[in-house]
Structure formats: structure tokens, C-alpha cells
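Values reported hereafter were calculated over all heavy atoms of this structure, with side chains retained and with hydrogens, waters and symmetry mates removed.
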Amino acid sequence: MSKHFVDQVVEFNQVVLKIEQRAVDMLKQNEFEISMKCLQEEVDEFEEAFKSGDLIGCIDAIIDLKYFAVGVMYKMGLTPDAMKKCMSAVHEANMEKKLGVVAKRETAGAADAVKPAGWVSPEERIINILDAMGA
């Protein structure tokens, strides 16, 4: 059976980058700076691929963006299990949203999700996940 994407990214960070599991904390400044550059580079590559009609380039850029994002969480000390639980917490909160239009990013004909009255963000769930791992 193939490994979960999160486990694959952690493996890369451990084997290739030689980064061991850390305590949960903010990134070091230099790691923050390179992370921002890498994430932005992938967003830019996605935009360029889209503008040139390059479907494969779009897919690659989005997967690389996700790869870097998971790597950032690992460098912040989240274990694979904690990442998966945090991702589920965000997913569960997103599933409570409804189809609609968010005024600040309105685009004709594009589906979007809006927060209904009483919607609760996933932050509290994430805090509980981190507390449970002793962070």
C-alpha cells in the first residue's frame, strides 16, 4: 500500500533534507524566508502554466505547492498524525460552509463557499490537537 502524501513529504524532509522531528514551534527566520519564496514560486508557476494552457504544469505546480506546505508544517514540529488531524479539522469546518459568493473575491461563474451564521473556525480544534500532543 502506498504511503499517505503527508508521510511521503515527511520522509523527504527526514531523508533528503536531514530534518528530524522537532518540538512544535514557529519556523526559524531563515526557514520562514525560504518557505515563503518556495510557496510563492509555486503559485507563480501555477499562474504561468494556466496562462499558457499547460494542464500538466498546473497540476505539477499545485502538487509542489501542497508538498512545500506540508513540509512547512513538519518544520514547525507537527507530526504526520497531527497534520492529518489538523487537516481533518479544517475540512470539517469547511464542510459546514454553504455555496455562495464571497464579496471580496467575487468571480463571475466560479463556485465559492461562504461561512454561514454561527460558523466556527477550526482554530479551537487545532489548539486541542496540539495540546493533546503536548505542544
* Crowded around Met36 CE? As in, over 12 foreign heavy atoms under 6.0 Å? -> no
* To do: Count the heavy atoms of every other residue, nucleotide or ligand shown that sit under 6.0 Å from NZ of Lys84, and state whether that count exceeds 12.
  => yes
* Check whether the side chains of Asp44 and Gln40 place a donor and an acceptor atom closer than 3.5 Å, and report yes or no. => yes
* Determine, using the 4.5 Å side-chain heavy-atom cutoff (strictly less than), whether Val6 and Val72 are members of one ILVMFWY cluster. => yes
* **Heavy-atom pair of closest approach, residues Cys58 and Ala49** => N-CB, 3.5 Å
* To do: Work out which heavy atom in Met83 is nearest to a heavy atom in Val10; give both atom names and the distance.
  => CE-CG2, 3.8 Å
* To do: Please check if atom CD1 in Ile126 has more than 12 non-hydrogen atoms from other residues, nucleotides or ligands closer than 6.0 Å.
  => yes
* **Closest contact, heavy atoms only, Leu27 versus Lys75** => CD2-CB, 3.6 Å
* Would a distance-only check, ignoring hydrogens and angles, find a side-chain to backbone donor-acceptor pair under 3.5 Å from Glu20 to Gln14? -> no
* **Residue pair Gly77 / Val24: nearest heavy atoms and the distance that separates them** => O-CG2, 3.6 Å
* Determine, step by step, whether Val9 and Asn13 satisfy the side-chain contact (heavy atoms from CB on, under 4.5 Å) criterion, reporting the C-alpha distance in whole Å, the side-chain angles of both residues, the deciding distance to 0.1 Å, and the verdict. => CA-CA 6 Å; Val9 175; Asn13 277 267; 3.6 Å; yes
* Pair Asn128-Glu124, side-chain contact (heavy atoms from CB on, under 4.5 Å): steps then yes or no -> CA-CA 6 Å; Asn128 292 336; Glu124 186 173 326; 4.2 Å; yes
* How far apart are the closest heavy atoms of Leu78 and Cys86, and which atoms are they? -> CD2-SG, 4.1 Å
* Asked: Is there a donor-acceptor pair under 3.5 Å between the side chain of Arg125 and the backbone N or O of Val90?
  -> no
* **side-chain contact (heavy atoms from CB on, under 4.5 Å) partner of Glu42, the single match among Ile62, Ile63, Asp64** => Asp64
* Flag yes if Leu65 and Ile34 sit in one hydrophobic cluster, no otherwise; membership is Ile, Leu, Val, Met, Phe, Trp, Tyr, and two members link when side-chain heavy atoms are under 4.5 Å apart. => no
* Hydrophobic cluster identity match, Val120 and Ile127, side-chain contacts under 4.5 Å -> no
* **Salt-bridge criterion met for Glu41 and Lys37 (N-O under 4.0 Å)** => no
* **For Lys18, all residues meeting side chain to side chain contact (heavy atoms under 4.5 Å, CB included), sequence neighbours excluded** => none
* Sub-3.5 Å donor-acceptor pair from the side chain of Trp119 to the main-chain atoms of Val114, do we have one? -> no
* Taking all heavy atoms of Lys97 and all of Pro116, pick out the closest pair and write down the distance. => CA-CD, 3.8 Å
* Audit row: Phe5, Val70, side-chain contact (heavy atoms from CB on, under 4.5 Å) steps and yes/no -> CA-CA 9 Å; Phe5 185 79; Val70 170; 4.1 Å; yes
* Asked: Distance from Lys115 atom NZ to Glu96 atom CD, nearest 0.5 Å?
  -> 12.0 Å
* Asked: How far does CG of Asp60 sit from OH of Tyr67, to the nearest 0.5 angstrom?
  -> 12.0 Å
* Backbone of Pro80 reached by a side-chain donor or acceptor of Tyr74 within 3.5 Å -> no
* Asked: Which is it for Phe50 and Glu47 under the side-chain contact (heavy atoms from CB on, under 4.5 Å) test, yes or no, and what are the steps along the way?
  -> CA-CA 5 Å; Phe50 177 81; Glu47 182 178 25; 5.7 Å; no
